[in-house]
J.: 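One structure coming up, written as structure tokens, with questions to follow.
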Amino acid sequence: MRVLLVEDEQLIADAIKAFLERHEYRVDWVEDGLLAKDALRTGEFDLAILDLGLPGQDGLEFLKAVRGDKADVPILILSARETTKNRIDGLNLGADDYLTKPFDMDELLARCRALVRRSAGRTRMLLEYEGLVLDLDQKKASYDGNDVVLQPLAFRLLTILLERRGRVVSKSDLMEKLYGWEENAESNVLEVYVSQIRRKTTPKLIRTIRGVGYIVDEDFSS
């Protein structure tokens, strides 16, 4: 999952980023609302975590602008503003959840998972397709009842393609989802991961659209 973290306190941001990345999230961090708006316009995120007391643009103003742009990314407010009015204002402006500081990291993780699950229309963190099962909580995969061990980024790549089943996903979109802003990767890394997935499941699972990207068809007969 790719997360946009909007937080102006570096110690808090560093702690959240490190914790979520230990759980296989990709976290891009910005310090103010104006930068966050640019990030959402130019990137694709599964979730945004938003502080309210921001320089440049207040978090509530940012939230109002984002929802006015029809952006549908799930947004979790994370703020020291703990009054009932603050929570109501945030939720009425389009936030999907509200967590007050100080907070427990495990609760933050659970809320992130719930928002992503709800956004994808799932009641459980499982993806199932043609004998393939991905447990998104445990980061485990099986195919035809047998465990499949994938590298973390290969697992994430497969998750993205399954969530967009029936649609071609470009190589540039996949690279952005997998690596975010701060990491560089070899140009052939996608081919390596796709090859690993095919080898451990079935060659029919992922189709290459030459010069564009990859697709998981609606079913194997497509």
Side-chain angles (χ1 to χ4, degrees), residues 1-5 20-21 23-30 35-48 66 69-75 112-113 115-122 125-136 139-144 148-222:
M1 306 297 172
R2 188 178 179 204
V3 176
L4 177 64
L5 174 60
L20 291 180
E21 287 179 345
H23 291 272
E24 307 298 339
Y25 285 72
R26 294 292 172 194
V27 181
D28 292 320
W29 169 45
V30 295
L35 290 174
K37 278 200 299 186
D38 288 341
L40 286 181
R41 288 183 179 130
T42 59
E44 188 171 344
F45 295 89
D46 300 290
L47 174 70
V66 166
D69 289 341
K70 307 300 183 184
D72 58 1
V73 60
I75 296 177
C112 288
R113 285 173 170 167
L115 288 178
V116 171
R117 185 170 63 241
R118 188 188 312 158
S119 176
R122 295 190 297 265
M125 292 294 279
L126 291 180
L127 282 176
E128 300 180 71
Y129 171 79
E130 300 282 2
L132 177 69
V133 180
L134 297 188
D135 184 328
L136 304 184
K139 302 296 187 294
K140 293 180 179 179
S142 65
Y143 181 67
D144 284 347
V148 175
V149 179
L150 297 171
Q151 294 179 23
L153 285 178
F155 186 96
R156 177 67 184 128
L157 171 63
L158 182 54
T159 300
I160 295 168
L161 292 174
L162 284 177
E163 288 178 334
R164 302 185 187 188
R165 192 163 67 240
R167 292 182 285 165
V168 178
V169 186
S170 71
K171 291 184 177 181
S172 60
D173 282 350
L174 288 169
M175 292 295 285
E176 185 176 305
K177 279 278 195 177
L178 292 175
Y179 290 99
W181 296 334
E182 298 179 359
E183 299 175 78
N184 295 315
E186 298 294 331
S187 59
N188 69 335
V189 68
L190 293 179
E191 288 81 358
V192 172
Y193 290 140
V194 168
S195 176
Q196 179 189 132
I197 293 166
R198 287 170 173 158
R199 188 174 66 253
K200 295 192 174 187
T201 57
T202 171
K204 298 188 295 182
L205 180 60
I206 299 172
R207 273 201 303 128
T208 301
I209 307 300
R210 192 170 300 278
V212 181
Y214 302 95
I215 183 171
V216 169
D217 291 309
E218 287 291 349
D219 56 61
F220 285 165
S221 63
S222 298

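Treat the numbers as computed from the prediction; the structure is a model and nothing was measured.
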J.: Kindly give the heavy-atom pair with the smallest separation between R156 and L178, and that separation in Å.
T.: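 R156 and L178 have their closest heavy atoms at CG-CD2, 3.4 Å.
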
J.: According to ring-ring contact (aromatic ring centres under 6.0 Å, His included), who are the partners of Y129, at least two apart in sequence or on a separate chain?
T.: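 Residues passing ring-ring contact (aromatic ring centres under 6.0 Å, His included) with Y129: F220.
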
J.: How far apart are the closest heavy atoms of I206 and R198, and which atoms are they?
T.: O-NH2, 2.8 Å

J.: Decide side-chain contact (heavy atoms from CB on, under 4.5 Å) for E24 and M1; before the verdict, give the C-alpha distance in whole Å, the side-chain angles of both, and the deciding distance to 0.1 Å.
T.: CA-CA 7 Å; E24 307 298 339; M1 306 297 172; over 6 Å; no

J.: Between L157 and Y214, is any pair of side-chain heavy atoms under 4.5 Å apart?
T.: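 Counting from C-beta outward, L157 and Y214 never come under 4.5 Å.
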
J.: Kindly indicate, with the supporting measurements, whether the criterion side-chain contact (heavy atoms from CB on, under 4.5 Å) is fulfilled by E191 and V194.
T.: CA-CA 5 Å; E191 288 81 358; V194 168; 5.8 Å; no

J.: So, taking the atom named CG in L153 and the one named NZ in K177, what distance separates them when rounded to the nearest 0.5 Å?
T.: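 Output value for this atom pair is 13.5 Å.
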
J.: Work out which heavy atom in F45 is nearest to a heavy atom in V3; give both atom names and the distance.
T.: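 Looking at all heavy atoms of both residues, the shortest contact is CD2-C, 3.7 Å.
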
J.: Backbone N or O of L205 within a donor-acceptor pair of the T202 side chain at under 3.5 Å?
T.: no

J.: Given 3.5 Å as the limit, does a donor-acceptor pair link the side chain of Q196 with the main chain of Q151, or not?
T.: yes

J.: Between CG of L5 and OH of Y25, what distance do you get to the nearest 0.5 Å?
T.: 13.5 Å

J.: If only atom types and distance count, is the side chain of D46 paired as donor or acceptor with the main-chain N or O of R2 below 3.5 Å?
T.: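 Checking the backbone N and O of R2 against the side chain of D46, a donor-acceptor pair under 3.5 Å is found.
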
J.: So, taking the atom named OG1 in T159 and the one named NZ in K139, what distance separates them when rounded to the nearest 0.5 Å?
T.: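 One gets 8.0 Å once the value is rounded to the nearest 0.5 Å.
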
J.: To the nearest 0.5 Å, what is the distance between NZ on K140 and CG on L126?
T.: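 Here the interatomic distance stands at 12.0 Å.
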
J.: Under 4.5 Å between any side-chain heavy atoms of K204 and E130, yes or no?
T.: no

J.: Measure across A154 and Y193 and return the closest heavy-atom pair with its distance rounded to 0.1 Å.
T.: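 Looks like CB-CD2, 3.8 Å.
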
J.: With sequence neighbours left out, write down each residue that passes side-chain contact (heavy atoms from CB on, under 4.5 Å) with V168, or none if nothing qualifies.
T.: I209, V212, I215

J.: How long is the straight-line distance from CG of L47 back to CG of L20, given to the nearest 0.5 Å?
T.: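 Answer for the CG-CG pair, L20 versus L47, is 8.5 Å.
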
J.: Do R26 and E176 meet the salt-bridge criterion of a basic N to acidic O distance under 4.0 Å?
T.: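 Salt bridge: no.
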
J.: If every non-hydrogen atom of A141 is compared with every non-hydrogen atom of L150, which pair is closest and at what distance?
T.: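 Heavy-atom minimum between the residues: CB-CD1, 4.5 Å.
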
J.: Grab the two heavy atoms, one from L4 and one from A36, that are nearest each other, plus how far apart they are.
T.: CD2-O, 3.9 Å

J.: Set out, in order, the CA-CA distance, both residues' side-chain angles and the distance that settles side-chain contact (heavy atoms from CB on, under 4.5 Å) for L132 and Y143, then state yes or no.
T.: CA-CA 4 Å; L132 177 69; Y143 181 67; 4.0 Å; yes

J.: Side chains of F155 and L136: does their closest heavy-atom pair fall under 4.5 Å?
T.: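 Contact flag for F155/L136 side chains = yes.
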
J.: What's the separation between atom CG in D173 and atom CZ in R164, rounded to the nearest 0.5 Å?
T.: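 That separation rounds to 6.0 Å.
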
